[in-house]
Amino acid sequence: MTSVELVGREFSVIGSRVPKYDALEKVLGEARYLLDLEMPGMLHAKILRSSHPHARLLSIDASKAARMPGVVDVITARDVRLNNLGYLKDNPPLKWGKVRSVRDEIAAVAAVDPETASEALHAIDVKYEPLPPVTDPVAALEPGAPLVHEELGTNRVNLDFGLSYGDVEAAFQRADVVVEGTYRTQYVAHTPGDTMGALAWVDAQGILNVYTNTQAPFLYQRWLAESLGIPAHRVRVIQPHIGGAFGRNLDVYPHDVITAALAMRTRRPVKLLFTRSEELQNAPTKQPLIARVRQGATRDGRLVAREVDAILDAGAYVGWGVFDARVMQYTVTGLYSVPAVRFRTTVVYTNNPSTAAMRSAGNSQITFAVESNMDELAERLGMDPVEFRLLNANRPNTVTPQGARITTCAMPEAIREAARRIGWRGRHSAGPHRGIGFACYFHVGGGARIYRSDGCGAIVKVDDFGGVIVSVGGTEIGEGLDTSIQLIVAEALGVPRDRVRVQINGDASMRLWDVGTHASRGTFVCGNAALRAALDARRQILEGASKILGAPPEDLEVVDGFVRSRTDPSKGMEYDKVVRRMHFFSGAQGRIVVASSFYEPPSEEPDERWHGNVSATYGFGCQAALVEVDPETGRVKVLRIVSAHDAGRVINPNGFEGQVQGGVAMGIGLALLEELHLSEGRVVNGSFEDYRLPRVTDIPEIDVVSVGEPDPEGPYGAKGVAEGPVIPVGPAIANAVADALGVRIRDLPITPEKIWRALALNVQ
Amino acid sequence: MKLRFTLNGSAVELDAEPWESLFDVLRNRLGIKSVKTALCEGSCSACGACTVLLDGRPIYSVMTPAYRADGRSITTLEGLSRGGELHPLQSAFIEAGAVQCGFCTPGMILAAKAYLDGGGGPDEGGIREAIRGNLCRCTGYVKIIEAIRRAAEALGGGKP
Ligand code: FES
Ligand code: FES
């Protein structure tokens, strides 16, 4: 039975408001994060990083540090053989010969406490020959620019995400109106409560154990082992409660490898945990974007061509942030129906921070560019921006030029609902100093096949006592996957929800493989895996019950934990009793109820021309922002956000709303508040006082709307929604500011200063 | 120096160095692990994760020297639920969906408790003011406000 057949029947728990699975231990203060973990004899590690953004490393003398009391080990590149990290294998965990950013790891110390480790860092003597840094990605491409990786002979990274469909030039010729603009997004820090780190030790079997707040335990296991040069089956990854991650923890970083190497050398547990200032200075950042967007439309408002040229600053080493371009591709080619599209990318090495994916993995950046330009185009056409969007909206059962097969799609409904609820009456009619802006998004909703496998494994076990244990490979970082899994399994088995225990995080070696919590894929992919395992366990119970009750399995159902015949009400038994009886069937017929499943979504890995249906289904939405701008100070106050989403069937309303509200808040940070300021590649506002995260006082009223219909491939019809809400906030606010003031800010964040300058220019 | 204070209703006596923070004493010596820190160090006072109640008032325990607790009373999350009964704030946080990753939860609940104990009621403005020193990266605060509002109503606070 597939999920499709289950859509449309009455549900017992799907769609009901239930507490988050682990909320109780969290309100009791019993949840344990990396911060809370300690082991007997544990050492503390600290890393010495470069004092210069770009320099030759002439010498490193750690002998004095090594002799300090309390210091157990000091390592540099000379002491350990570690393999390079990263997709391009361009990042040595410990640097030698040269440093390319101020975050470059030069040496590491393991000591009895963090203070001793920090002191020892000061005793390490490093001689540098400073080189001129290059921190502007455009300047980095000019002839004669300092080279970050000299052996390559260029700062241009050998990665091309460009693609083109249709005759773009001819399409622009046909357009009556063409609008072009350049848009920029900033450096942003993920800043979960949990900082980065690891706790590693080697056990008596010689297995390297690592406690980590990774979002992708199985990739972590493989990449960590590769860098250390040991077989991956010698590595055990354990995830405690994770205090948020938002994409930061999708990779293995030098500090992971260094912590493990220290544990292997000292044979003692070693813990490394970034302080907040280390985190803001050294954690990978969101990928910044410079995008020139050109779009053309006919007089009646049909989009005919779109062209985007993107510059992506990789920093000193290529991290996953650069691969945000693969998400950008789908929005450039697929947000609204556009027949002729072209995307060109230039990826550049600089001495800036290396980047990671962050919630929406490029989509918030590119959607800011495209949706800001959409509004400018509508204005030039003299069209209502809502009408313009509706006219070009994505529709169900269509295929984008890049090959994304859109099945369910309620984008038009989302636009109408957003406009209606925000009280849209046309441009410049929100009142004095007030404005309303809209933006839509198109995002993966059924996993994302960016690796060869996008699958997840699940095990469902029903024990002799009626306990149901479901274990999934997926990772809980706060998003509520635990709760979706519990609901899906309880529904599929027909047992009360509180009988279902969810094993998530913890020891990854006891769980089945999963690619990680990213791309809004958890509920869809892991949920489908758990659903299939639960349906298999149910089938086993019905077959067992059939023998006990003397009724064919097709005649049996499980309702609220009771197995009964549909036709003969006298035949029935508690499910746990059935399971016990099955265990003790005579004649060596006994069996226990356990089922496993591995779900691979029916999607395609994009081909060498980046063409392919990367997700099993897609998510859509539209957001409206009502803002008020103080013309004296340039301060923007967001008064109200309407956030309408097609997430298929909402199976966990509390979780859905929480994702939307949290996403909107993060979007407000991107739009108005957050920016890591860099000077020669160094973060200058590296504390919570200087880096402005959204506080409760920044959050407006948020109207959360679901406009989706059940998706045929989703578990009980659900689509992914974790990232969607963050995507359109920036452009909706930028468009609202333009509606209020008549000036457009093309550069995030929209600070009072930028508005004030734009207004001053306007007056002149 | 010798300190005597009440921790979640029980008397505590210990020796602390003058430079030791209340946070370190609570977590490392008394095993109170519900108190979190986002490791704000110098800028601690900015995220609220290390909030505890000192004589009922919320303070940032990382920035508070332990000696300030002498002769006073400290409340942490461990002191809220009694005999298996959740505090109305704890049930409201669960029911309203105010918990995601949970890292901010202990500090949020304690800040809210100080607000309600001080006579704060279900009005949104008051609630927002009470938790403006506490950061949450996950929830967008909406359900946290809702949880505190529900708890305020359950406790009948804020009524004239
Ligand atoms: S840890 Fe004290 S305010 Fe952040
Ligand atoms: S729930 Fe994650 S920080 Fe608040």
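Per chain, numbering begins at 1; letters A, B, ... match sequence-line order.
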- Query: Ignoring hydrogens and geometry, is there a side-chain-to-backbone donor-acceptor pair from B/Y141 to A/P694 under 3.5 Å?
  - Reply: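 Side chain of B/Y141 to backbone of A/P694: a pair is present.
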- Query: If only atom types and distance count, is the side chain of A/K26 paired as donor or acceptor with the main-chain N or O of B/Q100 below 3.5 Å?
  - Reply: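 Here the side-chain-to-backbone pair exists.
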- Task: Could you check which of A/I477, A/D194, A/T483 has the highest count of heavy-atom pairs closer than 4.5 Å to chain B?
- Result: A/D194
- Message: Below 4.5 Å, heavy-atom pairs only: which of A/R359, A/Q659, A/E476, A/R32 has the largest tally toward chain B?
- Response: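 So the answer, after comparing A/R359, A/Q659, A/E476, A/R32, is A/R32.
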- Note on the structure: d(B/L77 CG, A/E30 CD) to nearest 0.5 Å is 9.0 Å
- Query: Between the side chains of B/E41 and A/S687, does any donor sit under 3.5 Å from an acceptor?
  - Reply: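 Looking only at side-chain atoms, A/S687 and B/E41 do not form any donor-acceptor pair under 3.5 Å.
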- With a 3.5 Å cut-off and no angle check, do the side chains of B/R137 and A/T191 form a donor-acceptor pair?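 Their side chains do contain a donor-acceptor pair, which is all the 3.5 Å distance test asks for.
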Proximal component of [X], with respect to chain B [non-hydrogen, under 4.5 Å]:
X      : result
A/E657 : both
A/T195 : side chain
A/P725 : neither
A/L28  : both
A/L273 : side chain

Segment of [X] engaging chain A (4.5 angstrom heavy-atom cut-off):
X      : value
B/I144 : neither
B/S91  : neither
B/A98  : neither

- Query: Are A/K20 and B/E95 close enough, and set up right, to give a salt bridge (Lys or Arg N to Asp or Glu O under 4.0 Å), and what steps lead you there?
  - Reply: CA-CA 8 Å; A/K20 184 168 172 351; B/E95 273 147 33; over 6 Å; no
- Which one, B/S34, B/C101, B/G140, leads in non-hydrogen pairs under 4.5 Å with chain A? B/C101
- Message: For the interface with chain A, which of B/T105, B/I145, B/I109, B/T139 has the highest count of heavy-atom pairs at distances below 4.5 Å?
- Response: B/T139
Taking the side chain as everything from C-beta on, heavy atoms only, tell me whether [X] gets closer than 4.5 Å to [Y].
X      : Y      : value
B/K33  : A/E38  : yes
A/L35  : B/F103 : yes
A/R695 : B/L135 : yes
A/F246 : B/C138 : yes

- With side-chain contact (heavy atoms from CB on, under 4.5 Å) as the test, would you mind laying out the steps for B/S45 and A/E689 before giving the verdict? CA-CA 8 Å; B/S45 75; A/E689 264 159 8; 3.2 Å; yes
Flag yes if more than 12 heavy atoms outside [X] fall under 6.0 Å of its [atom1] atom; otherwise flag no.
X      : atom1 : result
B/R72  : CZ    : yes
B/Y67  : OH    : no
A/R497 : CZ    : yes
B/E13  : CD    : yes

- Please test A/V696 against B/E129 for side-chain contact (heavy atoms from CB on, under 4.5 Å), starting from the C-alpha separation and ending with a verdict. CA-CA 8 Å; A/V696 68; B/E129 193 54 38; over 6 Å; no
Which pair of heavy atoms, one from [X] and one from [Y], lies closest together, and at what distance?
X      : Y      : result
B/A96  : A/N654 : O-OD1, 4.2 Å
A/F688 : B/S43  : N-OG, 3.5 Å
B/R128 : A/I699 : NH1-O, 2.6 Å

- Apply the test side-chain contact (heavy atoms from CB on, under 4.5 Å) to residues B/K36 and A/D36: give CA-CA distance (whole Å), side-chain angles for both, the deciding distance (0.1 Å), then the verdict. CA-CA 8 Å; B/K36 300 301 174 208; A/D36 303 310; 2.7 Å; yes
